Amino acid sequence: MRQLNRQCFSRPSFSGRILLAAGLGALVLGASGCTRVRTHQGYQVDKLLVDSVQPGIDNRASVEGTLGRPSFTAQFGDADWYYVSRDMRALAFSNPKPVAQTVLHVRFDPAGNVVAVDRMGLEQVARISPSGDKTPTLGRHRSLFDEIFGNIGAVGAGGMGGGGAGPGSGGPNGS
C-alpha cells in the first residue's frame, strides 16, 4: 500500500509537464479572448481648445489652426464644420456599443466668421433594431405561388401592352 501511494504522488513525467504547460497556456489564451475592448474613433477632444473657439471672434482659419481640419463639413456649402468623437466598448466578440460621443458643430456666416459652437452628445445617437432578415414594406404580400403563377393569362391581354398586333401594324415599336 505504501508503494501505491508513492506512485500516485510522485513527480509527473516530462511529457506530463509539457501537457500541463500546454493546457495552462491554452486556458490563458482562451480567457484573454473574453477581455473588454475599448476603442476611440474620430477627433480627440481637448476641452481647453474647444472652449477657446468664440463666436464673433474666430474665423475659419483660426478654427482650423486651433482644432484642426473637421471630421466632415456640410453637404451643401462650407458653412458648417463637424468634429466627431466617439468612445466604443465591446466584450469579446459582441457588437461594439457607444459609451460616449461628442459632436462639435461649428457654424460660420458667409464671411467665414464663427456664428455658433454647439455640442451634442450620446443623446443624438439613433437606436435602431432591424426586424429580422427582411425589410418590412407597405403593399401587397404575395406568396411564392402568386409570384410564380401570377402572370399566367396576363401576357397578351388587351391594354397590357402585349399582343393584339393585327396585320400591317408593324413590329413592337410601330415600324
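Bear in mind that the values here come from a model prediction, so they are computed numbers and not experimental data.
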Any V50 side-chain heavy atom under 4.5 Å of L67 side chain: yes
- prompt: Atom CG in D46, atom OG in S85: separation rounded to 0.5 Å?
  reply: 11.5 Å
message: Tell me whether R38 at atom CZ has more than 12 heavy atoms from other residues, nucleotides or ligands lying less than 6.0 Å away.
response: no
query: Under 4.5 Å between side-chain heavy atoms, hopping through other hydrophobics if needed: is there a path connecting F72 to M120?
result: yes
- request: Before accepting this row, confirm whether a basic side-chain N of the pair R60/D109 lies closer than 4.0 Å to the acidic partner's carboxylate O.
  value: no
- request: Would you indicate whether Q75, at its atom CD, is surrounded by more than 12 heavy atoms from other residues, nucleotides or ligands within a distance under 6.0 Å?
  value: no
query: Taking C-beta and beyond as the side chain, do E64 and R69 meet within less than 4.5 Å on heavy atoms?
result: yes
message: Within the 4.5 Å heavy-atom criterion, are V114 and V106 side-chain neighbours or not?
response: yes
message: Set out, in order, the CA-CA distance, both residues' side-chain angles and the distance that settles side-chain contact (heavy atoms from CB on, under 4.5 Å) for H40 and R86, then state yes or no.
response: CA-CA 6 Å; H40 178 82; R86 181 183 292 171; over 6 Å; no
- prompt: Of all heavy-atom pairs between P98 and M88, which one has the smallest distance, and what is that distance?
  reply: CA-SD, 3.6 Å
Sidechain-backbone polar pair: S62 side chain, D58 backbone, donor-acceptor under 3.5 Å: no
- request: Treating Ile, Leu, Val, Met, Phe, Trp and Tyr as nodes and any side-chain heavy-atom pair under 4.5 angstrom as an edge, say whether I57 and V63 lie in one connected cluster.
  value: no
task: Quick one: list whatever passes side chain to side chain contact (heavy atoms under 4.5 Å, CB included) with V37, sequence neighbours left out.
output: T39
Nearest-0.5 Å distance that lies between atom CZ in R119 and atom NZ in K47: 5.0 Å
task: For residues P70 and Y82, determine if any side-chain heavy atom of one lies less than 4.5 Å from a side-chain heavy atom of the other.
output: no
task: Could you state whether L49 and V45 fall into the same hydrophobic cluster, counting links through intermediate Ile, Leu, Val, Met, Phe, Trp or Tyr residues with side-chain heavy atoms under 4.5 angstrom apart?
output: yes
query: Taking only residues two or more places apart in sequence, or in another chain, which ones meet A116 in a side chain to side chain contact (heavy atoms under 4.5 Å, CB included)?
result: R107, D118
query: When the ring planes of F108 and W81 are compared, do they come out parallel, tilted or perpendicular, using 30° and 60° as the limits?
result: perpendicular
query: From Q44 CD over to T102 OG1, what is the distance, rounded to the nearest 0.5 angstrom?
result: 11.0 Å
message: Give me the atom names and distance for the closest heavy-atom approach of P55 to V117.
response: CG-N, 4.4 Å
Connected via hydrophobic side-chain network under 4.5 Å: V53 and V103: no
message: How long is the straight-line distance from CG of L122 back to NZ of K97, given to the nearest 0.5 Å?
response: 13.0 Å
